[in-house]
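The structure appears below as structure tokens.
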Amino acid sequence: MNQEQIQVGRGGLFSGYDTGAFFDEMFASDGPRPHYAKLARTLGNLTAAEFRARCELADLTLINQGITFTVYGDTKGVEKPFPVDLVPRVLPADEWAFLERGLGQRVRALNLFLHDVYHEGHILKDGVVPRDLVVNAPNYRRSFAGANVPGDIYIHICGTDLIRDLDGTYRVLEDNCRTPSGVSYMLENRIILMRVFPSLFGENRVRPVDHYTTQLLHNLRELAPAGRDEPNVVLLTPGVYNSAYFEHSFLAQQMGIELVEGRDLFVDDNTVFMKTTRGPQRVDVVYRRVDDDFLDPLVFRSDSALGVPGLVNAYRTGNVALANGIGTGVADDKAVYPYVPAMIRYYLDQEPLLEQVQTYMGWKADDLEYICENAHNLVLKATNESGGYGMLIGPQATKAEIAEFVATVRANPRGYIGQPLISLSRSPCFFDGRFEGRHVDLRPYILCGKDDVTIVPGGLTRVALRKGSYVVNSSQGGGSKDTWVLTGNHHAGGMRQSQSMDGMVQTQVMEPRAGNGHLQEAQ
């Protein structure tokens, strides 16, 4: 795309819409992209007052349904309605089919990696991934080495963040393998848009997302110990003050399972029970939204009041299943991220389909010097932070902020990486009676079952609502959009894909060839 700013002449609300020097999701230089044509025409014919009325209806729906998130440390109050922009992001069928293949390939390799590093460690012995980088990672759980998990699956729910660069190329920014959040907003965004803009769904053939919780519950039940024909599944939450509590309660309600806190559970003879008014009830599967450190005070942090004493031992014994598995954080460590393409080649004997962002690792001496000398041009990130915290965007920071952050990096090189600032793609958002471009990313949600990988058509598009901002996290002023995948037939080599009656895509990855002769059993 030409680096000059491009004025896209459109009628109505899109009149004078400026794509800027970025890849715009909706508009090319000569007008709307083909898969956006119907949407651009419909929205462009509305008046500002008409569109604003839809926005007010959406806000009212959010408030009435209590769709909020928590901002820690905000003196104006912690509970905030989750901002939703009503211009959906649209993906054509062939583009989505490519992303499905790449995401399925990636999560499969990550699961094989986790099984390997907690068992034989072939990839470490062969020097493909540095041993010290893994075993010294903050989220590597030595006490869990050698433990077996149901189906050898560690990551049951994964949220992988994708961005698009100036050329429109999709790149993986990071994987969220521990307790990925945001899926409730994906589901609610669809409900809200169908309520305030029902006509859009009559004009566009959009694949549904509402069976995510049905598939998730099916996968969770599959994890139950043998002989448990009617497994009892619960969702373990840290409680009402957690930033994602709305999501926890929403998912539990949608799946028809109990939402519990640590104090609601206890362990007897390595078996987990839930306290009820009818007496103790056995628990077979725990969908936990509590980090490893707080899961069990007998194994991890002794001061944790959020977990369940004895839970880890019950897990190791096989009397209860956890999703996601303990120790998955080593797979989404940002210092391990640069090695995921090597994992794909090693375990699957395939070339990675999805590209990554060039990454400089603080633990490497040469990279550290490059990071420190070029911090003004880089995005510096703490390797185990999330939510937009522990990060410095060099091109938007002051000299004092850069100097302070560089000193922090030098004090803990293993804890930081540096990446070039990618000019994230933009999408139209409604502000002050007209549309303006804002930066976006995409978080698809991947469900790993015993026999297949299910990827919801679309995912959560997060938006940096502050003008010029690259930070899309809700805690940092971000919002979201409904994400549409348009219908269309496609077939992908290396995977079998079929659309079920509910619109979910069942992606079955074909048997991989094991890297260097190791790990030949498919998960």
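Computed from a predicted structure; not experimentally measured.
- At a threshold of 4.5 Å between non-hydrogen side-chain atoms, the residues Arg414 and Leu133 count as touching.
- The side-chain heavy atoms of Ile163 and Val357, taken from C-beta on, include a pair separated by under 4.5 Å.
- Here Gln254 pairs with nothing under the side chain to side chain donor-acceptor pair (under 3.5 Å) rule; sequence neighbours left out.
- Residues satisfying the ring-ring contact (aromatic ring centres under 6.0 Å, His included) criterion with Phe98, sequence neighbours excluded, are absent altogether.
- Heavy-atom minimum distance, Ala252 versus Leu259: CB-CB, 3.9 Å.
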task: Would you check, one step at a time, whether the test side-chain contact (heavy atoms from CB on, under 4.5 Å) holds for Val453 with Arg108?
output: CA-CA 9 Å; Val453 173; Arg108 187 169 177 78; 5.8 Å; no

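- Residues Arg190 and Val206 form a side-chain contact, since some pair of their non-hydrogen atoms from C-beta on lies under 4.5 Å apart.
- Listed by chain and number, the residues in a side chain to side chain donor-acceptor pair (under 3.5 Å) with Glu258 amount to none (sequence neighbours excluded).
- Scanning both residues, Ile155 and Cys177, for their nearest heavy atoms gives CD1-SG, 3.6 Å.
- To the nearest 0.5 Å, the span separating OG1 on Thr317 from CG on Asn148 amounts to 12.0 Å.
- Ring-plane geometry between His115 and Tyr154 is classed as perpendicular, the angle between the planes exceeding 60 degrees on a 0 to 90 degree scale with a lower cut at 30.
- Applying the side chain to side chain donor-acceptor pair (under 3.5 Å) rule to Asp175 yields the partners Arg106, Thr160; only residues at least two apart in sequence or on another chain are considered.
- For the atom pair OG1 of Thr454 and CG of Asn219, the computed distance is 6.0 Å after rounding to the nearest 0.5 Å.
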- request: Show your working on side-chain hydrogen bond (donor to acceptor under 3.5 Å, both in side chains) between Asp292 and Asn139 and close with a plain yes or no.
  value: CA-CA 8 Å; Asp292 285 358; Asn139 289 300; over 6 Å; no

message: Show, in sequence, the C-alpha distance, side-chain angles and deciding distance for Val149 and Tyr315, and conclude whether the side-chain contact (heavy atoms from CB on, under 4.5 Å) test is met.
response: CA-CA 8 Å; Val149 299; Tyr315 181 39; 3.2 Å; yes

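- For Ser249 (side chain) and Phe246 (main-chain N/O), a donor-acceptor pair under 3.5 Å exists by modelled atom type.
- In this model, no donor atom of one side chain and acceptor atom of the other lie less than 3.5 Å apart for Tyr140 and Asp333.
- Distance OG1/Thr271 to CG/Asn319: 4.5 Å, rounded to 0.5 Å.
- By the 30° and 60° cut-offs, the orientation of the rings of Phe144 relative to Tyr118 is perpendicular.
- Two residues are said to be in side-chain contact when any heavy atoms from C-beta on lie closer than 4.5 Å; Tyr337 and Gln356 meet this criterion.
- Residues Pro352 and Ile344 come closest through the heavy atom pair CB-CD1, 4.0 Å.
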field: side-chain contact (heavy atoms from CB on, under 4.5 Å) between Met391 and Tyr416, worked out
entry: CA-CA 9 Å; Met391 181 173 71; Tyr416 291 88; over 6 Å; no

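- Aromatic ring orientation, Phe266 versus Phe273: parallel (interplanar angle below 30°, classes split at 30° and 60°).
- Annotation: side chain of Arg142 is in contact with side chain of Val135 (closest heavy-atom distance under 4.5 Å).
- Taking every heavy atom of both residues into account, Ala314 and Val272 meet most closely at CB-CG2, 3.9 Å.
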field: Derivation and outcome, salt bridge (Lys or Arg N to Asp or Glu O under 4.0 Å), residues Glu188 and Arg195
entry: CA-CA 11 Å; Glu188 288 286 3; Arg195 180 170 298 175; over 6 Å; no

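- For the atom pair CD (Glu355) and OG1 (Thr169), the distance works out to 5.5 Å, reported to the nearest 0.5 Å.
- Looking at Tyr346 and Asp126, their side chains do bring a donor and an acceptor atom within 3.5 Å of each other.
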- request: Take Leu486 and Arg207 through the test side-chain contact (heavy atoms from CB on, under 4.5 Å) and record every step on the way to the result.
  value: CA-CA 6 Å; Leu486 301 182; Arg207 294 175 60 180; over 6 Å; no

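- One distance of note links CG of Leu62 with CD1 of Ile192; it measures 4.0 Å at 0.5 Å rounding.
- Interatomic distance, OG1 of Thr328 versus CG of Leu110, reported as 10.5 Å (0.5 Å rounding).
- Not counting sequence neighbours, the partners of Arg289 by the side chain to side chain donor-acceptor pair (under 3.5 Å) test are Glu247, Tyr287.
- In summary, the side chains of Gln419 and Gln358 do not present any donor paired with an acceptor at a separation below 3.5 Å, with no hydrogens or angles considered.
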- prompt: Yes or no on salt bridge (Lys or Arg N to Asp or Glu O under 4.0 Å) for Arg178 and Asp332, after CA distance, side-chain angles and deciding distance?
  reply: CA-CA 8 Å; Arg178 282 171 277 180; Asp332 64 18; 3.1 Å; yes

query: Checking salt bridge (Lys or Arg N to Asp or Glu O under 4.0 Å) for the pair Lys450/Glu222: CA distance, chi angles, key distance, verdict?
result: CA-CA 7 Å; Lys450 291 176 65 176; Glu222 283 187 330; 5.8 Å; no

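- Leu99 places a side-chain heavy atom less than 4.5 Å from the side chain of Leu354.
- Nearest heavy-atom pair, Leu353 versus Gln105, reported as atom, atom and distance to 0.1 Å: N-OE1, 2.9 Å.
- Using a 4.5 Å heavy-atom threshold, the side chains of Leu460 and Arg462 count as touching.
- Counted by atom type alone, Asp94 and Trp96 present zero donor-acceptor pairs between their side chains at under 3.5 Å.
- No side-chain N or O of Gln215 forms a donor-acceptor pair with one of His211 less than 3.5 Å apart.
- In this structure, Arg288 forms no cation-pi arrangement with Phe294, as its terminal cationic atom is not both closer than 6.0 Å to the ring centre and no more than 45° off the ring axis.
- The two residues Thr461 and Arg89 have their closest heavy-atom pair at OG1-CD, 3.1 Å.
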Show every donor-acceptor pair shorter than 3.5 Å between a side-chain atom in residues 230-238 and any protein atom, with sequence neighbours excluded, or say none if there are none.
from: Asn232; atom 1: ND2; to: Arg282; atom 2: O; distance (Å): 2.9
from: Thr237; atom 1: OG1; to: Gly239; atom 2: N; distance (Å): 3.1
from: Thr237; atom 1: OG1; to: His248; atom 2: ND1; distance (Å): 2.7

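- Inter-residue side-chain proximity for Ile417 and Tyr360 is flagged as unmet; no heavy-atom pair is nearer than 4.5 Å.
- Heavy atoms from other residues, nucleotides or ligands lying under 6.0 Å from CZ of Arg221 number 12 at most.
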query: Does the pair Asp161 and Arg443 meet the rule for a salt bridge (Lys or Arg N to Asp or Glu O under 4.0 Å), with working shown?
result: CA-CA 5 Å; Asp161 294 341; Arg443 177 177 289 183; 2.7 Å; yes

